[in-house]
Amino acid sequence: EQSNGCERTDGPAIVSLRTRELDMREGHAQWASTLEQLYCETDVAWPDPRRHFDAEWCGRPSGALHISTIRADAHTVVRSPAMIESDSGTGYLVCLVTDGQVEVEQSGRAAVVDRGSFVLLDCAAPFVFHSPAPFRQVVVRSPREVLTSRLPGRIVEHGTARSITGHSGAGGLVGRLFVDIPDMNAPMSEGAAVAFASSAVDMLATALT
């Protein structure tokens, strides 16, 4: 849905948000609203709520997946047990850091994710996502059944909040693919997008295994 500060451009449901064009209060509100609408219900906190928050978000669907790119100043995102009870969002988020560093906590685990690595988060469980400094990342949102149909639930659960290197092996292939997807400007048929997304999830499952 289009809202103040958001732009809809030509292409398959590409939506973008730039908080630098908004005042401080509206920028905070729009950013928190975008994360909630596109991912799941969360609370967002800033190191200094009185400072302007500079961030950019752009995303579009690709088959069963939704791919987005984020560039943002330092902030913290928290999903609590109470939010899970009131929000039906139960998919998975793959966060691939392309610049900077982020920290995540989930299921009693904590991980530091450096540039080139990625982490899996389960929206059906509480988590904390913290960026201590400005960062960039690609976020891939996957429906729960898309990933669990390829891997036993226990493996997926065991794979959350663990930093997976994107520099070599299966993780490297996944990392390069997820970085390249947002830059694909050529139109893709629905059938091709579905097949492409399916292959991407297959590679992700291999990396998690």
Side-chain angles (χ1 to χ4, degrees), residues 35 38-40 57-72 74 76-77 79 89-185 188 192-209:
L35 298 185
L38 271 298
Y39 304 131
C40 54
W57 178 94
C58 183
R60 65 180 174 185
S62 179
L65 306 179
H66 188 278
I67 315 294
S68 52
T69 56
I70 290 175
R71 180 198 59 78
T76 301
V77 181
R79 181 157 169 79
T90 59
Y92 292 99
L93 303 178
V94 180
C95 303
L96 172 66
V97 178
T98 56
D99 194 24
Q101 182 185 84
V102 304
E103 303 164 3
V104 299
E105 298 177 17
Q106 187 168 60
S107 302
R109 292 185 292 271
V112 176
V113 189
D114 296 311
R115 178 179 180 180
S117 296
F118 61 92
V119 65
L120 178 70
L121 292 175
D122 184 356
C123 293
F127 67 77
V128 176
F129 176 98
H130 174 63
S131 58
F135 72 103
R136 294 176 184 267
Q137 70 175 2
V138 175
V139 179
V140 181
R141 188 188 70 202
S142 170
R144 175 169 295 272
E145 63 275 9
V146 170
L147 192 53
T148 56
S149 65
R150 292 164 168 83
L151 286 173
R154 60 180 179 80
I155 292 182
V156 180
E157 181 180 352
H158 184 70
T160 60
R162 297 184 185 277
S163 180
I164 301 174
T165 181
H167 298 290
S168 61
L173 293 175
V174 174
R176 288 191 293 274
L177 177 61
F178 286 160
V179 167
D180 289 343
I181 289 177
D183 294 330
M184 295 175 60
N185 295 320
M188 185 181 297
V194 170
F196 192 76
S198 179
S199 296
V201 176
D202 287 339
M203 294 171 63
L204 174 61
T206 300
L208 290 174
T209 301

[atom1]/[X] to [atom2]/[Y] distance, rounded to the nearest 0.5 angstrom?
{"X": "Leu204", "Y": "Thr206", "atom1": "CG", "atom2": "OG1", "result": "8.5 Å"}
{"X": "Leu65", "Y": "Arg60", "atom1": "CG", "atom2": "CZ", "result": "12.5 Å"}
{"X": "Leu208", "Y": "Ile155", "atom1": "CG", "atom2": "CD1", "result": "9.0 Å"}
{"X": "Leu121", "Y": "Ser107", "atom1": "CG", "atom2": "OG", "result": "9.5 Å"}

Practice prompt. Could you tell me whether the side chain of Thr209 and the main chain of Ala205 form a donor-acceptor pair under 3.5 Å?
Written response: yes
Show me the donor-acceptor pairs, under 3.5 Å and distance only, between side chains in residues 94-103 and residues at least two apart or in other chains.
residue: Thr98; atom: OG1; partner: Arg136; partner atom: O; Å: 3.3
residue: Gln101; atom: NE2; partner: Asp114; partner atom: OD1; Å: 2.5

Practice prompt. Evaluate whether atom CZ of Arg162 has more than 12 neighbouring non-hydrogen atoms of other residues, nucleotides or ligands under 6.0 angstrom away.
Written response: yes
Practice prompt. Check whether more than 12 heavy atoms from other residues, nucleotides or ligands sit under 6.0 Å from atom NE2 of His158, and answer yes or no.
Written response: no
State, with a plain yes or no, whether a side-chain heavy atom of [X] is found less than 4.5 Å away from one of [Y].
{"X": "Val128", "Y": "Val104", "value": "no"}
{"X": "Tyr92", "Y": "Val140", "value": "no"}
{"X": "Val119", "Y": "Phe129", "value": "no"}

Looking at residues at least two apart in the chain, or sitting in another chain, which of them share a side-chain contact (heavy atoms from CB on, under 4.5 Å) with [X]?
{"X": "Ile70", "value": "Trp31, Tyr39, Trp57, Ala72, Phe135, Gln137, Val139"}
{"X": "Cys123", "value": "Cys40, Arg79, Leu93"}
{"X": "Ala124", "value": "Thr90, Asp122, Arg144"}
{"X": "Ser199", "value": "none"}

What's the shortest heavy-atom distance between [X] and [Y], and which atoms?
{"X": "Gly159", "Y": "Leu120", "value": "O-CB, 4.0 Å"}
{"X": "Val156", "Y": "Leu147", "value": "CG1-CD2, 4.0 Å"}
{"X": "Ala197", "Y": "Ala64", "value": "CB-N, 4.0 Å"}
{"X": "Ala74", "Y": "Ala133", "value": "CB-N, 3.7 Å"}
{"X": "Ala207", "Y": "Ala170", "value": "CA-CB, 3.9 Å"}

Fill in: Which residues share a side-chain hydrogen bond (donor to acceptor under 3.5 Å, both in side chains) with Arg150, sequence neighbours left out
Ser198, Asp202
